[in-house]
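Beneath this line is the structure, given in C-alpha cells, with notes to follow.
Index from 1, following the sequence.
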Amino acid sequence: MPKVKVDGVELEVEQGISVLQACELAGKEIPRFCYHERLSIAGNCRMCLVEMEKSPKPIASCAMPVAEGQVIYTNTEMVKKAREGVMEFLLINHPLDCPICDQGGECDLQDQSVKYGGGSSRYELNKRSVKEKYMGPLIKTQMNRCIHCTRCIRFAEEVAGVPDLGAINRGENMEITTFLEKTLDSELSANVIDLCPVGALTSKPYAFEARPWELTKTETIDVMDAVGSNIRVDTKGWEVKRILPRVNEDINEEWISDKTRYACDGLLNNRIDQPYIRNNGKLVPATWDEAFQKIKEEFSKTVRIGGLIGELTDLETIYALKNFLVTFSGSASIDFRQKDFYIDPSHPSNYLFNTSIANLDHADLILLVGANPRLEATMINARIRKNFINNQTEIYSIGDPGDQTYKINYLGDNLNILKDIENDKSIFSEKIKLSKKPIIIIGESVLNVKQGLYVLETSKSILKKNNALPGLNILHQKASSVGAIMLQAFSLSEDVVKNEILYLVGADEIEIDKKNKFIIYQGSHASKNTKIADVVLPGAAYTEKDALYVNLEGRVQAAFKASFPPGNAKEDWKIIRALSDVLNKPLKFNTVEQLRAKMFEAYPNLSKIDQLPKVDFDKLSISNSLDTLDSKVVFDSIDYYQTNEIARSSKTMIDCKLSKENLSKTGTEN
C-alpha cells in the first residue's frame, strides 16, 4: 500500500485510488463537479486541482492515481488561484438566474463559487444561448446553465444502461442532449436530477413548488415495490412535495426508481377522507359510529369473516387484523395473496431473497427464472447491471423478460429446462459447476399453484447439488408480501374470498364476486373494490404513519410519519382497534408500542430492525423426485407506472405511462 503525504499528514492508502480520494481520507475537502464516486472518471471540470511536489502545474486530483511518495498540497496560493480561474471560466456563460432556479439552496455551483471563486468576472461579452431539450415528463431542462460535467451522460450509459444522452459539437458550442429528442427510456432516469451539480436538469413536477429551506425532511422507507429503498420525504405543511433517495449501500445505494420518486403526487388525489356506508345501493358519507354500527350488525349474523391484505400494508396493520379475526371468529381466515401465488412457509429460504441485495455485486453466475427485475424490482435490476458491467458476469434466463439493460443468454421459455440443468443436460449445467457464487432468481410469474412447487424445489435441488443454496432468491413484487408471510397471514387450506364477510385492507388488485357478500374496504385511496364495498373506512397512506415493513430480503425497516392523514382518516391499526371495542372484544393493545411489543413477543425475528435474518440452510428440505414439468413461462402483465392505487392516482405516473406508450409507438414506426 503506497504512502502519500497530504498537507504534511502522512497516510497509507489503498493501491489504485485517486489523489482526490486520498485527500478526502486525510480530511481535506476537494471541490468537484464532474467527479462522482459511482461513475467513471471524466476529468472535465478541473475544479479538483491540487498541487503536487515536483509537478510544474496543478493536477486534476480525480484522474491522478496515488503513487508511493507523493507529496500533495490542497490549499496553497497556486491551488487557490487555479480554482478561482476554473470557477471564472465555468461562470463565463452561466446565467445569473439563481432567484428563479429550482436548484437554488441546493446548488453545488452556488456553494463552490462562494467558497472557491473570485469576486468578479472579466468576461463582458454576451453569454451563449442553448435551446432547451425534451427529456420527458420528469426532467425539466435549462441548458443555458449546463457546465458540461457529463454526469448525466455517464449515469445513463453506465448505471441506467440506456445510452440516450450524449454531447454534440465542441468547445463553447457543446450541448448535452438526447439524440432523438425523446424521453429517457429508463425507470431510473430522474436520478440525473440529483446528479446535476447546477440547475440544468431539475424536476419538472416539482418546478416552482417550494424552496428547500421551507420543507420538513423525514427519513423513511419506500413501498412502491418489495425492495424497501431508503428515501427522504420532503413535506410543506400536510402536502408531500418530493421524495429523494437516501444512501444505503446494502439496498439502493443512492438511487431510486422514477416510480418511488414521483408517485407521491398520488397522495393528494382520490383520497378517502371519511367513512361511507351503502344506503339504497349508493355509498353515502357517514360518521365513524354509523360505520362501526353497520359492521356490528353484519358481524352479529355470522362468524365467517375473511381478511385480505393489500400490497402496501404495514406489519402493525397485518398483525392487528389477524388478531382481530382470531378474537372475533376464532380463526385467522386471512391472506395477502390477491393472485394465484404458491408459497412454502416451512423454511424462510423458501420465500426470501437469500443472496441479499448487496451480495448481488459478487455473484459470478445468474439465472433468471420467470423474472423481469427491470419492472418488478428496479433497484435489483440496477445491481445486476452493476455486476454485469464490473465483472462481466454471465446472465441466463428461462423465459424472455425483454430488455433488462444488460446482455441475457436466453435458454428458452419452457420450465423443463430446469430439469435439464439438474440432470446435466444444459449448457448452464457446465457453467454452474465452474462458478463459485451462482444465484437463481425466481419471479412471481412462475410461482403459481401449477408451477410453483416444481420451480422452487427443482431450483433448490440444482443449487444444493452445486453447494450454493444461499443463491436461492424469490423476487417479490409487493411491499407487504414477505412481512405477511413472516406473520403467518396466509391460508393454505381455504379460499378466504369465500367467506360471507370480507374485510379488505388496501386490497385493490383482486376481482371479487359481490354476490351475497358484505364487504368492508379500509384504505387510503378509492379503488375498484371501494365501488362494491358496503362500508368504506378511511386509512392512512405510507407517508402518514409510523410503521414497519419487511423487504424481500427479510430485512425489517422502520418508516416514519412525514405528514398526516386527510379529513377523518386514521392509521389502519387504530381503526381495527377501535372496531374491536365496538364489537365488545377489545384487542389487548392501545398504543403502537404495545402492539409492537406483542408482535415481537410472538415473532421475535421482527424485532431485529435493519438486520438480515439468519437462515440455517442445513434444515431446508428439498424434494428432488418431482417429474419434469412441460410448461411455458408466461410473464405477469405489469403496467409499471400503475402497479398500486397511489401510482394510479398520480398524474405524473399517468404522464409517464403515456410517454412510454408514445415512445413505443415511435420506435415501432421507425
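- A distance-only check finds a donor-acceptor pair linking the side chain of Ser459 to the backbone of Val455 [under 3.5 Å].
- Using cut-offs of 30° and 60° on the angle between ring planes, the pair Tyr406 and Phe388 is tilted.
- Using a 4.5 Å heavy-atom threshold, the side chains of Ile398 and Val633 count as touching.
- Here Glu457 pairs with Lys460 in a salt bridge; the nearest charged N to carboxylate O distance falls below 4.0 Å.
- Closest approach of Gly228 and Gln557 over heavy atoms only: O-NE2, 2.9 Å.
- Checked against the 6.0 Å centroid threshold, Tyr319 and Trp573 do not count as a close aromatic pair.
- Contact of the Pro2 side chain with the Val13 side chain is registered, since non-hydrogen atoms from C-beta on lie closer than 4.5 Å.
- Taking all atoms of both residues into account, the shortest heavy-atom contact from Val233 to Ala562 is CG1-CB, 3.7 Å.
- Between Arg154 and Glu157 there is no salt bridge, since no side-chain N of the basic residue sits under 4.0 Å from a carboxylate O of the acidic one.
- What you find for Leu188 and Phe155 is that their closest heavy atoms are O-CE2, 3.5 Å.
- A donor-acceptor contact shorter than 3.5 Å is absent between the side chain of Arg555 and the backbone of Val550.
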Next on the checklist: Run the side-chain contact (heavy atoms from CB on, under 4.5 Å) test on Ile474 and Leu352 for me, step by step, so that the C-alpha distance in whole Å, both residues' side-chain angles and the decisive distance to 0.1 Å come before the verdict.
Outcome noted: CA-CA 6 Å; Ile474 308 300; Leu352 292 179; over 6 Å; no

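- Proximity of Asp250 to Leu612: side-chain heavy atoms (C-beta onward) are nowhere separated by under 4.5 Å.
- If you take CG on Asn551 and CZ on Phe353, they are separated by 10.0 Å, rounding to the nearest 0.5 Å.
- The two residues Val227 and Ala377 have their closest heavy-atom pair at CG2-CB, 3.7 Å.
- Looking at Asn354, its side chain does come within 3.5 Å of a backbone N or O of Leu472 through a donor-acceptor pair.
- Taken to the nearest 0.5 Å, the NZ atom of Lys450 stands 4.0 Å off from the OG atom of Ser631.
- For the residue pair Thr218/Lys561, the side-chain donor-acceptor check at 3.5 Å is not satisfied.
- Around CD of Glu14, the count of heavy atoms belonging to other residues, nucleotides or ligands within 6.0 Å does not exceed 12.
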* Under the salt bridge (charged side-chain N to carboxylate O under 4.0 Å, His left out) rule, what do Lys545 and Asp572 come out as? Steps first, then yes or no, please. => CA-CA 9 Å; Lys545 55 188 173 184; Asp572 292 297; 3.0 Å; yes

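- For the pair Asp185 and Lys660, the salt-bridge criterion is met [side-chain N within less than 4.0 Å of a carboxylate O].
- Residues Asp508 and Asn644 have side chains that never bring a donor and an acceptor to within less than 3.5 angstrom of each other.
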Practice problem: Give the C-alpha distance, both sets of side-chain angles, the deciding distance and a yes or no for side-chain hydrogen bond (donor to acceptor under 3.5 Å, both in side chains) between Thr643 and Lys259. | Solution: CA-CA 10 Å; Thr643 51; Lys259 182 166 58 176; 2.8 Å; yes

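- Side chain of Lys322 to backbone of Leu487: a donor-acceptor contact under 3.5 angstrom is found.
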*Does the pair Asn391 and Asp364 meet the rule for a side-chain hydrogen bond (donor to acceptor under 3.5 Å, both in side chains), with working shown?*
CA-CA 8 Å; Asn391 307 320; Asp364 58 3; over 6 Å; no

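- A side-chain donor-acceptor contact under 3.5 Å links Asp344 to the backbone of Ser346.
- Ion pairing between Asp222 and Arg232 fails under the 4.0 Å rule for side-chain N and carboxylate O.
- The shortest heavy-atom contact between Leu595 and Ala320 is CD1-CB, 4.3 Å.
- Between the side chains of Glu553 and His476, no donor N or O sits under 3.5 Å from an acceptor N or O.
- Side-chain contact between Lys431 and Tyr396 is present, with at least one heavy-atom pair separated by less than 4.5 Å.
- Salt-bridge annotation for Glu422 and Lys465: absent, with no side-chain N of the basic residue lying under 4.0 Å from a carboxylate O of the acidic one.
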>> side-chain hydrogen bond (donor to acceptor under 3.5 Å, both in side chains) for Ser429 and Ser426? Distances and angles first, verdict last.
In response: CA-CA 5 Å; Ser429 305; Ser426 167; 4.7 Å; no

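- For the atom pair CG of Asn409 and CD1 of Ile366, the computed distance is 11.5 Å after rounding to the nearest 0.5 Å.
- Using a 4.5 Å heavy-atom cutoff, the side chains of Val496 and Ser333 are in contact.
- For the pair Phe428/Leu365, a side-chain contact is recorded, criterion being any heavy-atom separation below 4.5 Å from C-beta on.
- When atom types are taken as modelled, the side chain of Ser435 and the backbone of Lys437 share no donor-acceptor pair closer than 3.5 angstrom.
- Pairing each heavy atom of Asn416 with each of Asp630, the nearest pair is ND2-OD1, 3.7 Å.
- A salt bridge is absent between Lys598 and Glu593: the closest approach of a Lys/Arg side-chain nitrogen to an acidic carboxylate oxygen does not fall below 4.0 angstrom.
- Side-chain N/O atoms of Ser491 and Asp335 include no donor and acceptor closer than 3.5 Å.
- Between the OG atom of Ser257 and the OH atom of Tyr641 there is a distance of 9.0 Å, given to the nearest 0.5 Å.
- A salt bridge between Arg261 and Glu187 is absent, with no side-chain N of the basic residue lying under 4.0 Å from a carboxylate O of the acidic one.
- Note on Glu68 versus Lys3: no salt bridge recorded, every NZ/NE/NH1/NH2 to OD/OE distance being 4.0 Å or above.
- A side-chain donor from one of Asn248 and Asn230 sits under 3.5 Å from a side-chain acceptor of the other.
- Under a 3.5 Å cut-off, the side chain of Asn387 and the backbone N or O of Arg383 do not form any donor-acceptor pair.
- In this pair, His347 and Phe617 present their aromatic rings tilted. The plane angle is within the 30 to 60° band.
- Atom CD1 of Ile221 is separated from atom CG of Asn252 by 8.5 Å, given to the nearest 0.5 angstrom.
- Side chain of Thr378 to main chain of Arg374: a donor-acceptor pair is present (N/O by atom type, distance under 3.5 Å, no hydrogens or angles).
- A donor-acceptor contact shorter than 3.5 Å links the side chain of Asp258 to the backbone of Ala190.
- The backbone N or O of Gln404 lies less than 3.5 Å from a partner atom in the side chain of Asn381, making a donor-acceptor pair.
- Contact check for Tyr262 versus Cys656: no side-chain heavy atoms found under the 4.5 Å cut-off.
- How far CG of Asn191 is from SG of Cys152: 12.5 Å, rounded to the nearest 0.5 Å.
- Between Arg596 and Glu316 there is a salt bridge, since a side-chain N of the basic residue sits under 4.0 Å from a carboxylate O of the acidic one.
- Test Glu509, Glu444, Glu311 against Lys339 for salt bridge (Lys or Arg N to Asp or Glu O under 4.0 Å) and you get one pass: Glu444.
- Ionic pairing of Asp424 and Lys433 is present here: one or more N-O contacts between side-chain nitrogen and carboxylate oxygen are shorter than 4.0 angstrom.
- Residues Pro373 and Leu475 meet the side-chain proximity criterion, which asks for heavy atoms closer than 4.5 Å.
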Under the salt bridge (charged side-chain N to carboxylate O under 4.0 Å, His left out) rule, what do Glu158 and Arg38 come out as? Steps first, then yes or no, please. CA-CA 9 Å; Glu158 298 162 14; Arg38 302 185 198 277; over 6 Å; no

